[in-house]
Amino acid sequence: MKKKWIAGLTSIVAVSLLLVGCGKSSSTKETTITVGASNIPHSEILKHVQPELKKEGVNLKIKVFQDYVLPNKDLANKDLDANYFQHIPFLKNWNKQNNGTLVSAGNVHLEPIGAYSKKYKSLKAIPSGSTILVSNNVADYGRVLTILRDAGLVTLKSGTDITTATFKDIKDNKKNLKFKTDLEPKLMPQFYNNKEGAAVFINANYAVQAGLDPTKDSIALEKNSSPYVNIVAVRKGDTKKPAIKKLMKALQSKDTQQWITKKYKGAVVPAYPNGK
């Protein structure tokens, strides 16, 4: 009788331990998310936070894109859980043109857009009637105009919203500059190397990818106070998903901000989490 009682107790304990083990496995189940990103610096920053997310039960997969068109399409089509390559003005413009509802999950960094020239040492040195090369990314036009305005080359019409500004908002073009704006963003470094135009405006990620140092090689650089911070975008309603919240916590952490500062030396700068 005693042996049967002990055997029964042993079975109960074994089953209990099995259930506890199963419960633990379930609570720590790994969640996989796929984030689309530009190659540099976005995918590099995501790779930096991969180990930390792994500890938090999030398996981060990174899909690298070479353009600004597909990441939002893939996110809207649910081929991605999030993307990380754009700023708010770009996202607003994309939503407007595509009847989209993508939203920002939070700010991460700023990539200062800059003017580059093989011919002139400053924007002020550019002769009258020269041609300036700008990409076809309309969302960046306000950034370019701000730099040109700060250099004293143009003035803008009263009441112009810089985040939606275009070259039609120029009031005075003091040097009668011409603007070529039908160029692919990723090709801008090539135009610069070919010495095309008096100056070429290049996004920092493409500049760094081409081996340029924006802080040293540009003749004019966007200020850190710019509203064009890069964000993580998600579908509407996904900002509160646990995995997305963990992703943003890792990207906005003090450790990540310090890593960005050290690695990119001013070419990419951390942004305040709430855009302050």
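Distance alone, capped at 3.5 Å, is enough to place a donor-acceptor pair between the Lys157 side chain and the Lys168 backbone. No donor-acceptor distance shorter than 3.5 angstrom exists from the side chain of Ser130 to the backbone of Ile126, with no hydrogens or angles considered. Between the side chain of Asn95 and the main chain of Leu102, a donor-acceptor pair closer than 3.5 Å is present. Listed for the Asp67 side chain is a donor-acceptor partner under 3.5 Å among the backbone atoms of Val69. A donor-acceptor pair is defined here as one N or O able to donate and one able to accept, closer than 3.5 Å; no such pair exists between the side chain of Gln257 and the backbone of Pro270.
Residues Tyr84 and His42 bring their aromatic ring centres within 6.0 Å. Ring centers of Phe85 and Phe90: under 6.0 Å apart, within the cut-off.
Of the inter-residue distances, the one linking Leu187 atom CG with Asn136 atom CG reads 9.0 Å to the nearest 0.5 angstrom. Rounded to the nearest 0.5 angstrom, Asn173 CG and Lys178 NZ are separated by 9.0 Å. In this structure, the separation between CD on Glu184 and CG on Asn137 is 10.0 Å, given to the nearest 0.5 Å.
With sequence neighbours excluded, the residues satisfying ring pair (Phe, Tyr, Trp, His ring centres under 6.0 Å) with Tyr228 are His87. Lys265 meets the salt bridge (Lys or Arg N to Asp or Glu O under 4.0 Å) test with no other residue; sequence neighbours excluded.
The side-chain heavy atoms of Tyr264 and Pro41, taken from C-beta on, include a pair separated by under 4.5 Å.
One finds a salt bridge joining Asp150 and Lys223 here, because a Lys/Arg side-chain nitrogen approaches an Asp/Glu carboxylate oxygen to under 4.0 Å. Taking a cutoff of 4.0 Å between a charged side-chain nitrogen and a carboxylate oxygen, Asp238 and Lys240 do not qualify as a salt bridge. Between Lys63 and Asp74 there is a salt bridge, since at least one side-chain N of the basic residue sits less than 4.0 Å from a carboxylate O of the acidic one. Contact check on Lys249 versus Glu52 returns no salt bridge, with no Lys/Arg side-chain nitrogen under 4.0 Å from an Asp/Glu carboxylate oxygen.
Applying the ring pair (Phe, Tyr, Trp, His ring centres under 6.0 Å) test to pairs two or more places apart or on separate chains, those with a residue in residues 142-187 are Tyr141-Phe167, Phe167-Phe179.
For CG of Asp172, the number of neighbouring non-hydrogen atoms (other residues, nucleotides, ligands) closer than 6.0 Å is greater than 12. Counting non-hydrogen atoms of other residues, nucleotides and ligands closer than 6.0 Å to NZ of Lys119 gives a total above 12. Crowding of Lys118 atom NZ: a count of heavy atoms from other residues, nucleotides or ligands under 6.0 Å exceeding 12. Around NZ of Lys73, the count of heavy atoms belonging to other residues, nucleotides or ligands within 6.0 Å does not exceed 12.
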Would Gln209 and Lys186 count as a side-chain contact (heavy atoms from CB on, under 4.5 Å) if you check the C-alpha gap in whole Å, the side-chain angles of each, and the deciding distance to 0.1 Å? CA-CA 10 Å; Gln209 195 169 332; Lys186 63 183 178 182; over 6 Å; no
Quick one, Tyr206 with Tyr68, criterion ring pair (Phe, Tyr, Trp, His ring centres under 6.0 Å). Give me CA distance, side-chain angles, the key distance, then yes/no. CA-CA 12 Å; Tyr206 289 125; Tyr68 294 160; 5.5 Å; yes
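Taken together through direct or relayed side-chain contacts under 4.5 Å among Ile, Leu, Val, Met, Phe, Trp and Tyr, Val35 and Ile45 form part of one hydrophobic cluster.
Side-chain atoms of Asn72 and Asn98 include no donor-acceptor pair closer than 3.5 Å.
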